[in-house]
There are 2 protein chains.
Amino acid sequence: MKNNNALKSAENGGSPSDEAHLDRVFHALSDPTRRAIVQRLSGSSGTVSALAEPFDMSLNAVSKHLKVLEGARLIKRDIVGRTSVCSLNIDPLVNAHEWIQQYTQFWNEVLDSLEMHLDADAAEPGAAAKKDERP
Amino acid sequence: MKNNNALKSAENGGSPSDEAHLDRVFHALSDPTRRAIVQRLSGSSGTVSALAEPFDMSLNAVSKHLKVLEGARLIKRDIVGRTSVCSLNIDPLVNAHEWIQQYTQFWNEVLDSLEMHLDADAAEPGAAAKKDERP
DNA sequence: CAAATTCTCAACCATTTGGTTGAATATAAC
DNA sequence: GTTATATTCAACCAAATGGTTGAGAATTTG
């Protein structure tokens, strides 16, 4: 198993009534503005007005988006003076990631083993694990 | 890089006006009924009524959910006689997976390298890249 | 052909969503 | 203390969502 750091943190802080939480996380990610905010916050944290600046909508609209992200626990806020600084929390992303991986992983294994059998140069066993070493 | 099969198929068939497609995929996954259907279909394909059977809602409601999943290209339908058989298409799942991975991956690397420094038995360099080879 | 099965389409309804504007709150600066 | 800045709250609105029921359309069965 890899990525166990994130997995661990997801187990700890990331499962409050699991299904409903996944609802909120996927819903939060279903909007392009909110995905852009996540993207932006993956670089560095920022205040509400800084986050709102690139978007062609009112500050209030962005504030609402931030509340949706906060509801999904994708961001946390630190109140600094009169500004509130938002930063990314990847735990719910890991939850979503894991949910999706249940299904992609199985099929990737099927396809990988299929390709292992179809590949002409797959003579030595165990080649499927080092496929990307081929330039 | 591994799992390049799914990555490849995602590049080919999975990017039609990318952003809007991600909207639809994440939205499709934000509903528990639809996630259950995806889960169910990951086992085997099924007709509309077979898929509707476990749920406490009308057949029509499930039909709508299937249409949402179809709109996100998460399922495809094969009309067999008077039944339509739905099956899973993981390409959009891989797209979503990749989007999320942009952010989880970076932090996993940070955390992994942090753990590498904290772990007592992390003496040899380059260990972070082969963590999952450890049984 | 008639009847039953499988599924979609259309209309309707309550609730949520994503946006707006305007007022209110709290902190910082003058 | 007054004014400017940063942010949220409240009300409102159009559109989308998730569900319902009832009427078709297509296919299989009797």
Side-chain angles (χ1 to χ4, degrees), chain A residues 17 19-41 44-88 92, chain B residues 17 19-41 44-88 92:
Chain A
S17 107
E19 280 291 283
H21 184 232
L22 268 187
D23 289 3
R24 278 181 247 120
V25 173
F26 280 124
H27 169 68
L29 297 179
S30 75
D31 182 276
T33 302
R34 289 191 293 260
R35 282 201 307 279
I37 290 175
V38 168
Q39 195 149 22
R40 158 64 227 272
L41 285 178
S44 65
S45 36
T47 66
V48 174
S49 32
L51 292 172
E53 189 270 325
F55 299 107
D56 189 24
M57 66 180 71
S58 72
L59 180 71
N60 260 354
V62 174
S63 181
K64 277 191 180 182
H65 281 303
L66 291 174
K67 215 156 69 172
V68 172
L69 289 167
E70 201 178 12
R73 317 239 242 99
L74 279 162
I75 65 176
K76 104 176 147 39
R77 294 168 124 115
D78 288 313
I79 310 171
V80 170
R82 70 185 157 184
T83 75
S84 98
V85 178
C86 304
S87 50
L88 195 61
Chain B
S17 108
E19 280 291 283
H21 185 232
L22 268 187
D23 289 3
R24 278 181 247 119
V25 173
F26 280 123
H27 169 68
L29 297 179
S30 75
D31 182 276
T33 303
R34 289 192 292 260
R35 281 201 308 278
I37 290 175
V38 168
Q39 196 150 21
R40 159 63 227 271
L41 285 178
S44 67
S45 35
T47 66
V48 174
S49 33
L51 292 172
E53 190 268 326
F55 299 108
D56 188 23
M57 65 179 73
S58 72
L59 180 72
N60 261 354
V62 174
S63 181
K64 278 191 179 183
H65 282 303
L66 291 174
K67 215 155 67 170
V68 173
L69 289 167
E70 200 178 13
R73 317 240 243 98
L74 279 162
I75 66 176
K76 107 175 145 39
R77 295 167 121 116
D78 289 312
I79 309 169
V80 171
R82 70 185 156 186
T83 76
S84 97
V85 178
C86 305
S87 49
L88 195 60

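The sequence lines fix the lettering, A, B, ..., with proteins before strands; numbering per chain opens at 1.
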Task: Protein-nucleotide distance (Asp23(A), atom CG; dG18(D), atom C1'), rounded to Å - done: 13 Å

Task: Which residues share a salt bridge (charged side-chain N to carboxylate O under 4.0 Å, His left out) with Asp31(A), sequence neighbours left out - done: none

At a cut-off of 3.5 Å, list every protein nitrogen or oxygen paired with a nitrogen or oxygen from nucleotides 21-23 of chain D, distance to 0.1 Å.
residue	atom	partner	partner atom	Å
dT21(D)	O4	Asn60(B)	ND2	2.4
dG22(D)	O6	Asn60(B)	ND2	2.5

Open item on the list: Ser30(A): which residues meet the side-chain contact (heavy atoms from CB on, under 4.5 Å) condition with it, sequence neighbours left out?
Closed with: His27(A), Arg34(A), Phe26(B), His27(B)

TODO: Considering non-hydrogen atoms only, spot the tightest contact between Ser49(A) and Leu59(A) and give its length.
DONE: CA-CD1, 3.9 Å

- [ ] For Arg35(B), enumerate each residue passing the salt bridge (charged side-chain N to carboxylate O under 4.0 Å, His left out) test, keeping only those at least two apart in sequence or located in another chain.
- [x] Glu19(A), Asp23(A)

TODO: Under the side-chain contact (heavy atoms from CB on, under 4.5 Å) rule, collect the residues that match up with Ala36(B), sequence neighbours excluded.
DONE: Phe55(B)

Open item on the list: Please give me the minimum heavy-atom distance between Leu66(B) and Cys86(B), naming the atom from each residue.
Closed with: CD1-SG, 4.1 Å

Open item on the list: So, using side-chain contact (heavy atoms from CB on, under 4.5 Å) as the criterion, who are the partners of Pro54(B) when residues are at least two apart?
Closed with: none

Open item on the list: I need the CG-P distance between Leu29(B) and dG18(D), as an integer number of Å.
Closed with: 12 Å

- [ ] Would you kindly give the CZ-to-C1' distance between Phe26(A) and dT17(D), to the nearest whole Å?
- [x] 18 Å

Open item on the list: When you measure from the side-chain N and O atoms of Ser63(B) to the phosphate of dT8(C), is any distance below 4.0 Å, counting only OP1 and OP2?
Closed with: yes

Open item on the list: Measure CG/Leu66(B) against P/dC9(C) and give the value in whole Å, please.
Closed with: 12 Å

Pairs under 3.5 angstrom, nitrogen or oxygen only, protein versus nucleotides 13-18 of chain C, please.
residue	atom	partner	partner atom	Å
dG18(C)	OP1	Arg34(A)	NH2	3.1
dG18(C)	OP2	Arg34(A)	NH1	3.0

Open item on the list: Tell me the interatomic distance from Leu51(B), atom CG, to dT6(C), atom P, rounded to whole angstroms.
Closed with: 13 Å

- [ ] Could you identify which residues of residues 74-87 of chain A place a heavy atom less than 4.0 Å from some atom of DNA chain C, listed by residue number, or say none?
- [x] Gly81(A), Arg82(A)

- [ ] Work out which heavy atom in Leu74(B) is nearest to a heavy atom in Pro92(B); give both atom names and the distance.
- [x] CD2-CB, 4.0 Å

Open item on the list: According to salt bridge (charged side-chain N to carboxylate O under 4.0 Å, His left out), who are the partners of Asp78(B), at least two apart in sequence or on a separate chain?
Closed with: Lys76(B)

Open item on the list: According to side-chain contact (heavy atoms from CB on, under 4.5 Å), who are the partners of Gln39(B), at least two apart in sequence or on a separate chain?
Closed with: Gln102(A), Tyr103(A)

TODO: Would you kindly give the CG-to-C1' distance between Leu59(A) and dT8(D), to the nearest whole Å?
DONE: 9 Å

TODO: Ignoring backbone atoms, establish whether Ser49(B) has a side-chain N or O less than 4.0 Å from OP1 or OP2 of dC7(C).
DONE: yes

Open item on the list: According to salt bridge (charged side-chain N to carboxylate O under 4.0 Å, His left out), does anything in residues 59-70 of chain A pair up with another residue at least two apart or in another chain? List the pairs.
Closed with: Glu70(A)-Arg77(A)

